[in-house]
Undergrad: 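One structure, pasted below without further comment.
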There are 2 protein chains.
Amino acid sequence: MDRAAEDLTARARIRDAAIRLFGERGIEGASIRDIAAEAGVSSGLVRHHFGSKEALRDACDHYAKDRMIQIGAELTQNGDLTGLDPLTLHPIAFPLQLYIVRSMMDGSETATALFLEGVDAVEDWTVSYGINPKDRRGYAAALAAIKLSVFILRDQVSKALGEDITTLEGYNRIGQALMEVFTIPLLTPEQIRRSEEK
Amino acid sequence: MDRAAEDLTARARIRDAAIRLFGERGIEGASIRDIAAEAGVSSGLVRHHFGSKEALRDACDHYAKDRMIQIGAELTQNGDLTGLDPLTLHPIAFPLQLYIVRSMMDGSETATALFLEGVDAVEDWTVSYGINPKDRRGYAAALAAIKLSVFILRDQVSKALGEDITTLEGYNRIGQALMEVFTIPLLTPEQIRRSEEK
DNA sequence: TACTTGACTACACGATCGTGTAGTAGTTTG
DNA sequence: CAAACTACTACACGATCGTGTAGTCAAGTA
């Protein structure tokens with residue numbers, strides 16, 4: 001994804017092109033012929049390497065999941081951030097996130113499993129962080145969904161901001177805005193108490 | 001949408017079926033033949049009434065937008081809530097929201113305009129409510145996107161909760177979880193200050 | 001050298017898509 | 001009564017889709 005296209009094997013180029021086009025246009029919106037053209041190969045080669053469109057999506061699912069987990073692991077161990085500054089990380093991680101969300105919407109089990117693992121992680125995190133919502137599972141699910149919302153509606157959010165959020169600058173802006181959503185309490189304790197009485 | 005199907009004109013049944021199927025499967029995922037079958041008419045009649053698939057989506061866009069605005073207006077004037085209790089409102093509004101989000105993702109200008117109007121409304125609301133984020137526009141855009149995220153990821157969120165959020169009970173649960181996200185400050189003021197120093 | 005294997009292309013297939021055309025039945029209108 | 005119009009169906013069209021088949025070419029191997 002980060003290396004020059006001509007240095008990659010045809011199989012890798014097909015997979016990268018599939019992740020890119022699937023993520024941008026949706027699974028149904030990107031044909032095998034589109035992906036083959038994007039990768040610079042024949043459509044038959046896509047079938048030769050992956051068997052079917054479904055199997056291609058499966059391969060993309062597992063690759064994207066592994067890459068995201070790998071990136072997450074490298075990010076958490078703060079000691080070694082070699083080559084993981086935002087400027088190089090963003091162009092790699094953003095298309096992966098985009099693809100995963102699209103695959104989720106298409107009903108992929110692998111992508112959905114990744115979402116469920118994310119909810120589990122957020123749930124554990126609320127415990128260790130001392131956050132005690134009344135509905136912890138619901139809270140974690142909402143937080144996980146929110147993290148993905150800007151990817152899905154990136155065109156609309158970009159238009160609302162007058163700034164492309166697929167760029168690093170735009171992405172950082174909406175990321176900080178999301179942080180403000182999480183840190184500014186919308187309701188006063190008094191209002192919360194009153195809404196509970198109803 | 002709420003009346004018995006046999007009491008509606010064929011045109012209305014086609015439109016309702018289109019909103020339902022477009023919302024569930026996406027624009028590309030629902031064919032004109034599918035919609036015609038769902039409405040109990042021939043595929044030719046869809047074309048007769050709406051001209052093309054694009055024009056059908058346009059008609060659905062405007063209908064959904066008008067209905068949502070109408071519902072919103074009836075909800076805000078608290079005096080008259082005739083027939084607008086959640087039990088009857090939910091089955092009407094939920095498919096409309098689902099469709100609007102799908103249409104947005106498909107690049108519909110009408111649906112995107114509705115999103116931008118929503119962002120404007122949230123922005124105005126933060127002003128009158130005394131909420132002052134550093135990036136007010138970004139804050140409003142994030143909040144508007146969040147409101148729609150659970151519709152898109154409804155299958156994943158439902159699976160995470162073990163409860164179908166398309167039902168009124170499930171929808172209320174995730175709605176309250178979202179409220180908790182907005183009301184529980186994630187970071188302490190100390191942590192916010194520290195993150196700003198970086 | 002002869003054989004096998006894997007990467008790769010060209011091409012044809014049936015299905016499905018949106019769309020176009022022709023025509024029927026019932027109602028309205030002059 | 002005849003013409004016109006509207007709601008509606010049946011059917012065929014070209015395009016595109018995922019897929020299947022056959023074959024080329026280069027590299028490895030016995």
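Protein chains get the first letters and strands the later ones, always in sequence-line order, with residue 1 at the start of each.
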Undergrad: Before you tell me yes or no, could you show the steps for A:E180 and A:Q176 under side chain to side chain donor-acceptor pair (under 3.5 Å), namely the whole-Å CA-CA distance, both residues' side-chain angles and the distance that decides it to 0.1 Å?
TA: CA-CA 6 Å; A:E180 286 197 291; A:Q176 286 179 6; over 6 Å; no

Undergrad: Around atom CD of A:E24, are there more than 12 heavy atoms from other residues, nucleotides or ligands closer than 6.0 Å?
TA: yes

Undergrad: Taking 4.0 angstrom as the limit, do A:E38 and A:R20 come out as a salt bridge?
TA: yes

Undergrad: Which atoms form the tightest heavy-atom contact between B:A93 and B:I71, and what is the distance?
TA: CB-CD1, 4.4 Å

Undergrad: Whether the side chain of A:R15 engages the backbone of A:C60 through a donor-acceptor N/O pair (distance < 3.5 Å, no angle test) should be reported.
TA: no

Undergrad: For atom CD of B:E117, decide whether the heavy atoms of other residues, nucleotides or ligands shown that lie under 6.0 angstrom number more than 12.
TA: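 Correct, the count exceeds 12.
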
Undergrad: Enter the distance from B:D61:CG to B:T110:OG1 here, rounded to the nearest 0.5 Å.
TA: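 These two atoms lie 4.5 Å from each other.
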
Undergrad: Please tell me whether B:S103 and B:D106 have a donor and an acceptor in their side chains that are separated by less than 3.5 angstrom.
TA: no

Undergrad: Would you tabulate the pairs of protein nitrogen or oxygen atoms and nucleotide nitrogen or oxygen atoms of nucleotides 17-19 of chain C closer than 3.5 angstrom?
TA:
residue, atom, partner, partner atom, Å
C:dG18, OP1, B:K53, NZ, 2.6
C:dG18, OP2, B:I32, N, 3.1
C:dG18, N7, B:R33, NH1, 2.8
C:dG18, O6, B:R33, NH2, 3.0
C:dT19, OP2, B:K53, N, 2.9

Undergrad: What are the residues of residues 98-111 of chain A, sorted by number, that bring a heavy atom to within less than 4.0 Å of DNA chain D?
TA: none

Undergrad: Below 4.0 angstrom, N of the basic side chain to O of the carboxylate: do A:D16 and A:R11 qualify?
TA: no

Undergrad: Between the protein and nucleotides 5-8 of chain D, are there any N/O to N/O pairs under 3.5 Å, and if so, what are the atom names and distances?
TA:
residue, atom, partner, partner atom, Å
D:dC8, OP2, B:H49, NE2, 3.1

Undergrad: Using a strict cut-off of less than 4.0 Å between a Lys/Arg side-chain nitrogen and an Asp/Glu carboxylate oxygen, indicate whether B:R154 and B:D164 qualify as a salt bridge.
TA: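 No, this pair does not count.
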
